[in-house]
Amino acid sequence: MKAWLENNRHSLGLAVKRMADAPIASLFSILVIGIALSLPAGSYVALDNAGRLAGKLSPKPEISLFLKADLSQDQGRRLTQRIASLTDVAKARFVSRDEGLKHLQDAGLSNLTAGLDENPLPDVIIVTAKDSDAKAMERLAEQLNTLPGIDHLLMDSDWVRRLAALLDFGRDLVWLLAGLLGLALAAITGNTIRLQIYAAREEIEVSRLIGATNRFIRRPFLYFGVLQGLLGGLLGWLLTSGGIYVLEGSLARLALAWNGRIDLHGLGPAEGAILLGLSALLGLIGAFLAVSHSLRRML
Amino acid sequence: MIEFSDVVKRYPGGHEALSGVNLTITRGEMVFLTGHSGAGKSTLLKLIAAIERPTSGIITVSGQNLSRIRRSALPYFRRNIGLIFQDHKLLYDRSVYDNVLLPLHIQGMTGHDAGKRVRAALDKVGLLNKERARPITLSGGEQQRLCIARAIVSRPPLLLADEPTANLDEDYARDLMDMFKAFNQVGVTVILASHNQDMIRRYGGRTIALANGRVAP
C-alpha cells in the first residue's frame, strides 16, 4: 500500500515534470482545451440564464375561463372551488364582472366603458396549472372545457410552447457541442501524450527490459492526461466567468432599456465541479487510448 | 536452470539466427558464449530474457516455459534477470543514483531500504562517489559499470551480459571480469557473450561456442 502510494506520488511528479519541461507546448494544449470547453460551458450558461429569464416573465402560465352570462356569482364561486380542487390545478381565482370592470378603470380605460349603461364583461375564473409544460396545459384545458357554465377558454400556451421548444433546441445544441468538443479534447490529449511517449520511448524500452509492467509505464501518462484536462477545465471555467463579467454590463444596460433587470448566473460550484470532472475524465480517456495504442505497437 | 531444446529462431525476412540449439545451463554456473559476430550470441541471450520468442523449440528458464509465458507475466519474469547491454541503455536525463534505483522502483521498493541497496550496488562497482553525476559525464568503462550496478541492485539469480568488455581498455575489462567472477562466487548464474578469446582463456569456466546458429561440438 505504501509502495503503491509512493508510486503514484512519483508518477504525478513525473507528469508535472514532463509538463514543466515543455512549458510552451503544455500551455498551448491547455489553452486549446480551455477554449474548447468554454464553448459548451458558455452556451450552457446562456441557456440557463435564458431559462431563468423565461421563468421570470411568466411565473406560471394561466388559463382564463369566461363564464356564461346566465351564471350567478354564487354559482361562479362554487365552480371556482370545484376547479381549485382538481389535481392538475395549482390555483383558481374568481374575478367577478364588477372586479373586472374596476381593473379596467384602474388601468385608465374607463372611457372605453363610459358610454355603456350595463357592464359588458363576463365573470372570469383564472386558473394556474400545476404543470406548466405545453402538453399538460393542453390536457387541462380540454378537461376544463367540458365543465358546464363555461362560455369559452383562453390559454396563453402558444408562446409557452414556442419558448419551451426553443429552449429544448438550445439544450440539444449544447449537448451536441459538448459531445463534439469532448471528442476533440480526448483527441488533443491523445496527441500530446503520443508525443510524450515518443520523447520517452528509450525510458519505456529500458523500463520494460528490467521488468516494468504496462501499468507502471502507463501511470505517469495517465496523470499527465488528467492534469492537462483539469488545467484545461479550470481555464474553461475562468473563460466562461470572464465572458459573463464582460457581458454583464452591456446586458444590464440592455435590460434597463426594457425596464427590466437581469442577474446573470455563472457556473455554480457544482456545475464547475462537473466541468472539471468531465475534462479530467476525457483527458484520462485520451491518455489511456494513446498509451495503450503505443505500448501495443512498441512490442 | 536454463534449457534449450531444438530452438530455432528465424527473423522476418528469412534470416535464421539459431537453427536447432540444444543446451543446458545449471544453477550457479559461469558460462561464456563465444562465436563470431552473427553467430547468434545476442539472439540466444535475448531468447533467455524473453525479449524475443523462439520460432520453434522449447526454452525453459527457472521452470518456466518461455514459449507459453503470458505477456502479463513477462515483467515479473524479467525481474529475476539482470541484463547488461553492450550499449548500456542508461537513462541520460537522470542521475547515476536514479538509474540504479529504477529496477527497485519498478518492483515497488522505495524509501530507506531502496537507498541502502542502491548505494551498496554503486559501492560494488566503485561508483559511490558519482551517485549525483549524470551518466553522460562518465567514461565508457564507468557507464558499463553503472549498467552492471543497475543489473545487480535487485539481486537477481541470473545475470546476462552481451559483450560487456567490448570497447573497453584491458584494465577496465579485467576489473569487470573480476566483478562477474565475484557475483558468480556468491551463487549468481552468469552468462557472458564475448568474442575475446584471451579473456575467456584467462578466466576459465564453461564455454559454449556458437557457429552458424548451432552449438559447435
Side-chain angles (χ1 to χ4, degrees), chain A residues 1-26 192-224 288-289 291-299, chain B residues 45-46 48-53 69-94 98-115 121 135-136 146-156 158-160 162:
Chain A
M1 182 65 194
K2 203 178 140 224
W4 184 83
L5 275 178
E6 173 63 25
N7 221 322
N8 277 278
R9 196 192 60 75
H10 181 267
S11 299
L12 181 60
L14 203 62
V16 172
K17 184 180 169 296
R18 280 176 183 158
M19 203 170 272
D21 279 349
I24 301 291
S26 308
T192 27
I193 297 286
R194 229 169 37 81
L195 293 174
Q196 294 268 332
I197 291 168
Y198 187 74
R201 71 190 181 289
E202 232 172 72
E203 183 179 339
I204 293 173
E205 192 201 330
V206 172
S207 300
R208 278 191 145 177
L209 285 176
I210 56 185
T213 53
N214 279 351
R215 207 184 317 166
F216 178 89
I217 294 168
R218 206 184 279 133
R219 198 176 284 134
F221 294 108
L222 298 187
Y223 268 107
F224 187 95
F288 188 87
L289 291 178
V291 184
S292 298
H293 176 72
S294 299
L295 284 182
R296 255 201 311 278
R297 269 207 335 203
M298 272 170 130
L299 200 96
Chain B
L45 290 180
K46 279 182 186 157
I48 295 173
I51 296 169
E52 307 263 10
R53 290 191 179 229
I69 194 165
R70 288 217 326 275
R71 223 173 216 210
S72 55
L74 268 182
Y76 304 98
F77 169 75
R78 293 220 181 105
R79 291 176 190 181
N80 295 314
I81 301 176
L83 286 169
I84 295 152
F85 310 94
Q86 192 178 348
D87 58 353
H88 318 318
K89 293 202 192 300
L90 298 170
L91 298 178
Y92 292 100
D93 63 342
R94 54 185 82 184
D98 285 341
N99 264 279
V100 181
L101 181 63
L102 186 62
L104 298 181
H105 183 196
I106 283 170
Q107 296 182 28
M109 192 175 182
T110 53
H112 192 62
D113 293 345
I136 201 77
L146 176 54
C147 186
I148 293 173
R150 187 181 62 191
I152 61 167
V153 70
S154 57
R155 297 175 189 161
L158 174 62
L159 267 185
L160 304 179
D162 193 1

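Labels below follow one simple rule: chain letters A, B, ... track the order of the sequence lines, proteins then strands, and each chain is numbered from 1.
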Chain A contact via Leu90(B) - which portion, at a heavy-atom distance below 4.5 Å: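 The answer is the backbone of Leu90(B).
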
Euclidean distance, Glu205(A) CD relative to Ile51(B) CD1, rounded to 0.5 Å: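 Going from CD1 on Ile51(B) over to CD on Glu205(A), the span is 9.0 Å.
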
Shortest non-hydrogen contact from Ile106(B) toward Ser207(A):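 Closest heavy-atom pair between Ile106(B) and Ser207(A): CD1-O, 3.7 Å.
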
Side-chain touch Gln107(B)/Ile210(A), heavy atoms, less than 4.5 angstrom: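 In short, these two side chains do not touch, never coming nearer than 4.5 Å.
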
Contact check, side chains of Phe85(B) and Leu209(A), non-hydrogen atoms, under 4.5 Å: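 When only atoms from C-beta onward are counted, Leu209(A) and Phe85(B) do touch, with a gap below 4.5 Å.
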
Under-4.0 Å salt bridge between Arg94(B) and Glu203(A):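 The answer is yes: the pair qualifies as a salt bridge.
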
